[in-house]
Amino acid sequence: MDSAEFHANVYDAVRQIPHGRVTSYGHIAKLIGMPRHSRHVGQALKFLDVNSDIPWQRVVSSSGKISSRGPGTNGAQRQREALEDEGVEVRVTRENEFSVNFATYGWFPDSIELEGGGGEEEVQEEDQ
DNA sequence: CCCCTGACGGTCG
DNA sequence: CCGACCGCCAGGG
């Protein structure tokens, strides 16, 4: 799998996150069969335009926090607004970071159906 | 080829 | 809950 295919799979997986739900970079990595590549999932999302048809805002870190893009950037704030716009509650920590409650909004299926087919995978939801 | 850099993750105290 | 640490891995210099 080259990087182009990796990106395609990431986008494919992210598109399947339901409206009003969130998952983590690491879980997206697992769903596309590359569990150790969580950092690269983030890298793939960084290419997207803010008005992309891909719901990039539904991906946060494994702790439920919205990843900072570094001081002086507003990406995290934009993500917060995008999530609140679709009904997701975002808590502000004392360090001025944003976090989402996985118990309420988390979406972590064991597997999904990828576009490339070869689908021996089946969809299994599990809420909490 | 070595070194540093991340929209990351898990463990431990 | 929080910080300190360590592991991970493709890209870029």
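Letters A, B, ... mirror the listed sequences (proteins, then strands); counts begin at 1.
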Looking at every strand, decide which applies to [X] at a 4.0 Å heavy-atom threshold: base, sugar-phosphate, or nothing.
X       : result
A:Ser63 : nothing
A:Gly75 : nothing
A:Arg94 : sugar-phosphate

Gap between atoms [atom1] and [atom2], on [X] and [N] respectively (whole Å):
X        : N     : atom1 : atom2 : answer
A:Asp49  : B:dA7 : CG    : C1'   : 16 Å
A:Gln79  : B:dC8 : CD    : P     : 10 Å
A:Phe102 : B:dG9 : CZ    : P     : 8 Å
A:Phe6   : B:dC8 : CZ    : P     : 13 Å

By nearest atom, which of the nucleotides [options] is closest to the [X] side chain?
X       : options              : result
A:Arg91 : C:dC1, B:dG9, B:dA7  : C:dC1
A:Glu95 : C:dC1, C:dG3, B:dC8  : C:dG3
A:Lys30 : B:dG10, B:dG9, C:dC1 : B:dG10

*Counting just side-chain N and O atoms, does A:Ser24 come under 4.0 Å of either OP1 or OP2 of B:dC8?*
no
*For B:dA7, take OP1 and OP2 only and decide whether either is under 4.0 Å from a side-chain N or O of A:Ser67.*
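Result: no.
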I'd like a list of close polar pairs between nucleotides 7-10 of chain C and the protein, N/O only, cut-off under 3.5 Å.
from: C:dC8; atom 1: N3; to: A:Arg39; atom 2: NH1; distance (Å): 3.2
from: C:dC9; atom 1: O4'; to: A:His40; atom 2: NE2; distance (Å): 3.4
from: C:dC9; atom 1: O2; to: A:His40; atom 2: NE2; distance (Å): 3.3

Distance check, rounded to the nearest 0.5 Å: [X] atom [atom1] versus [Y] atom [atom2]?
X        : Y        : atom1 : atom2 : answer
A:Trp107 : A:Gln16  : CH2   : CD    : 6.0 Å
A:Ile28  : A:His40  : CD1   : NE2   : 15.0 Å
A:Tyr25  : A:Ser61  : OH    : OG    : 7.5 Å
A:Lys30  : A:Phe108 : NZ    : CZ    : 9.0 Å

_P-based separation of C:dC8 from B:dC12 [nearest Å]_ =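 Straight-line distance between the two P atoms is 15 Å.
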*Main-chain N/O of A:Leu114 paired with A:Asp12 side-chain donor or acceptor, under 3.5 Å*: no
*Quick one: which residue pairs count as a salt bridge (charged side-chain N to carboxylate O under 4.0 Å, His left out) with a foot in residues 59-85 of chain A, not counting sequence neighbours?*
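For residues 59-85 of chain A: A:Lys65-A:Glu97, A:Arg80-A:Glu84.
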*asked:* Around atom CZ of A:Arg15, are there more than 12 heavy atoms from other residues, nucleotides or ligands closer than 6.0 Å?
replied: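 Yes, the 6.0 Å shell around CZ holds more than 12 heavy atoms from other groups.
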